[in-house]
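This report concerns only the one structure given below.
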Amino acid sequence: MKKSHPLRRVVLAGAATVSGIVLLLSLKPSSDPGSAQAAGAGAAAQEAAQGGAGAAVSGAITGDASQTQYGAVQVRVTVSNGKITKAEMVQAPKGGQSDQITADAVPKLNQAALTAQSADIDAVSGATFTSEGYKKSLQSAIDKMKASAGASQGAAGAAPVSGTFEGDAAQTQYGAVQVRITVSNNQITKAETVQAPKGGRSDQITADAVPKLNQAVVTKQSPDIDAVSGATYTSTGYKQSLQSAIDKANASAGAQGSGAQEGSQAPEAPKAPEASKAPEGSGNAQAGGTFTGDAVQTDYGTVQVRITVSGGKITKAETVQAPKGGRSDQITADAVPKLNQAAVAAGSADIDAVSGATYTSGGYRESLQSALDQAGG
């Protein structure tokens, strides 16, 4: 796990670098609903939520996948003229009775999101888990749009942006797929897989498909790439994770109000040019908002953390996902409140593990660090 930084070290460079990340969105074609302009969506969401002045814009953004007892739930929203005009499920529980529940609940949840223009919607009777996952993913999409709103301002004369951004892991039938992109001067110069299906025939399929997918991204500068023949699931997961990486690039730019790349870089990736980073001790953080960290897989289950930041300080930490079942329920109930409190007290991911919850603590800190990275901490 990479060394954490105090949140007060948020970048305070000028708005010119922020707006530079907007140019990254030129990589996302309007022909693909999952590849719509996320920066436009971010500004639109802020208009919808706050009723602010300024030109209403349009776009789409995908929320984080929320793991439920019956499968993953993931929501994508489309914004037009400052309002949510469409909500759709990217992932939903399936198989057996889940098919019937999903078919009944999802249209109702989608309609409720349009009516409420927020994630404050009622659960559908008989679909409690799906409804809860839906609301979490919907809230994640709204959080991302609010965070990226600032990226749409001051685009003229924007400085080129460089950095490395890691997408969320996309679960497929054969294993997780996760993509990392490196951007230099607003161009994707490298795409690589952090995770890919493995074991048995998956090894052969991955070895054949992944290099082709990586090359296609660099060539097309877009997630609108063709699936590799014989690797449909891997290709679909790849594109979902790639879209997430681009969403994060824009969300982090809006959250920081400057070049967001420092926090977004993965530890093992080559470092981006130092020009976009803040000098040491550059002053107090001004970031505000809600930031959801990456889901971290542990030996006992997934851990995912969401933080609320106000005035550059963590005011709330909560777990979106935590290990459950058997003894994990007791360990989680004991450890999570302590970890949440420690995160608020420390203002960073440099917190002690809870005794008896080593794996949960390790996953918590890793996800917390990911959330801090998005906030610029």
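Members clustered with Y359: Y300, by chain and number, using a 4.5 Å side-chain heavy-atom cutoff among hydrophobic residues.
You'll find the side chain of S137 stays beyond 4.5 Å of the side chain of D64, heavy atoms only. The closest side-chain heavy-atom distance from D168 to Q178 is not below 4.5 Å. In this structure, V183 and T189 have side chains that are not in contact, with every pair of non-hydrogen atoms separated by 4.5 Å or more. For the pair T78 and I84, the minimum side-chain heavy-atom distance is 4.5 Å or more. With contacts defined as side-chain heavy-atom distances shorter than 4.5 Å, the pair K239/I225 qualifies. Counting only heavy atoms from C-beta outward, the side chains of K86 and V77 never approach each other to under 4.5 Å. Annotation: side chain of T319 is in contact with side chain of N340 (closest heavy-atom distance under 4.5 Å). Contact annotation: the side chain of T62 approaches that of V90 to within less than 4.5 Å [non-hydrogen atoms, C-beta and beyond].
Once rounded to the nearest 0.5 Å, the distance linking CD of Q369 with CG of L372 reads 5.5 Å. Within the model, atoms OG of S370 and CD of Q374 stand 5.0 Å from one another, a figure rounded to the nearest 0.5 Å. For the atom pair CG of L109 and CG of L138, the computed distance is 9.5 Å after rounding to the nearest 0.5 Å. Between the CG atom in D352 and the OG atom in S361 there is a gap of 9.0 Å [rounded to 0.5 Å]. Atom-to-atom distance recorded for S118:OG and K135:NZ is 10.0 Å, nearest 0.5 angstrom. For the atom pair L242 CG and F165 CZ, the distance stands at 13.0 Å (nearest 0.5 Å).
Between the S235 side chain and the A227 main chain, no donor and acceptor come within less than 3.5 Å of each other. For T315 (side chain) and T308 (main-chain N/O), a donor-acceptor pair under 3.5 Å exists by modelled atom type. Remark: side-chain polar atoms of E192 are not paired, donor with acceptor, to backbone N or O of I181 under 3.5 angstrom. For T302 (side chain) and Q321 (main-chain N/O), no donor-acceptor pair under 3.5 Å exists by modelled atom type. Between the R180 side chain and the T164 main chain, no donor and acceptor come within less than 3.5 Å of each other. Looking only at distances, a side-chain donor or acceptor of T115 sits under 3.5 Å from a matching main-chain atom of Q111.
Shortest non-hydrogen contact noted between I188 and V218 is O-CG1, 3.9 Å. Nearest heavy-atom pair, T298 versus G301, reported as atom, atom and distance to 0.1 Å: OG1-O, 2.6 Å. Taking both residues in full, the closest heavy atoms of V73 and P93 are given as CG2-CD, 3.7 Å, listed atom of the first, atom of the second, then distance. The nearest pair of heavy atoms linking Q139 to A119 is OE1-CB, 3.4 Å. The two residues P337 and A333 come nearest to each other via the heavy atoms CD-O, 3.2 Å. In terms of heavy-atom proximity, A343 sits nearest to I314 at O-CD1, 3.8 Å.
The 12-atom threshold is not exceeded at NZ of K316, counting heavy atoms of other residues, nucleotides or ligands nearer than 6.0 Å. Summarising the local packing, CG of D99 is surrounded by more than 12 heavy atoms from other residues, nucleotides or ligands at distances under 6.0 Å.
Both V106 and V75 are part of a single hydrophobic cluster, where members link through side-chain heavy atoms under 4.5 Å apart. Note: the hydrophobic cluster containing V179 does not contain Y233 (ILVMFWY, side chain heavy atoms under 4.5 Å, direct or indirect links). Side-chain heavy atoms closer than 4.5 Å link hydrophobic residues (I, L, V, M, F, W, Y) into clusters, and following such links, even through other members, never connects V296 to F291. If you chain together hydrophobic residues whose side chains sit under 4.5 Å apart, V309 and V344 fall into the same group.
A donor-acceptor pair shorter than 3.5 Å cannot be found between the side chains of S367 and Q304.
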- Query: Would Y134 and M89 count as a side chain to side chain contact (heavy atoms under 4.5 Å, CB included) if you check the C-alpha gap in whole Å, the side-chain angles of each, and the deciding distance to 0.1 Å?
  - Reply: CA-CA 8 Å; Y134 185 100; M89 294 280 271; 3.2 Å; yes
- Query: Taking it one step at a time, do Q91 and Q240 satisfy side chain to side chain contact (heavy atoms under 4.5 Å, CB included)?
  - Reply: CA-CA 10 Å; Q91 298 184 67; Q240 286 179 357; 3.9 Å; yes
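Residue pairs that meet the ring-ring contact (aromatic ring centres under 6.0 Å, His included) test with at least one member in residues 89-131, sequence neighbours left out, are Y70-F129. Note on residues 202-216: pairs passing side-chain hydrogen bond (donor to acceptor under 3.5 Å, both in side chains), not counting sequence neighbours, are D208-K212, N214-Y238, Q215-T219.
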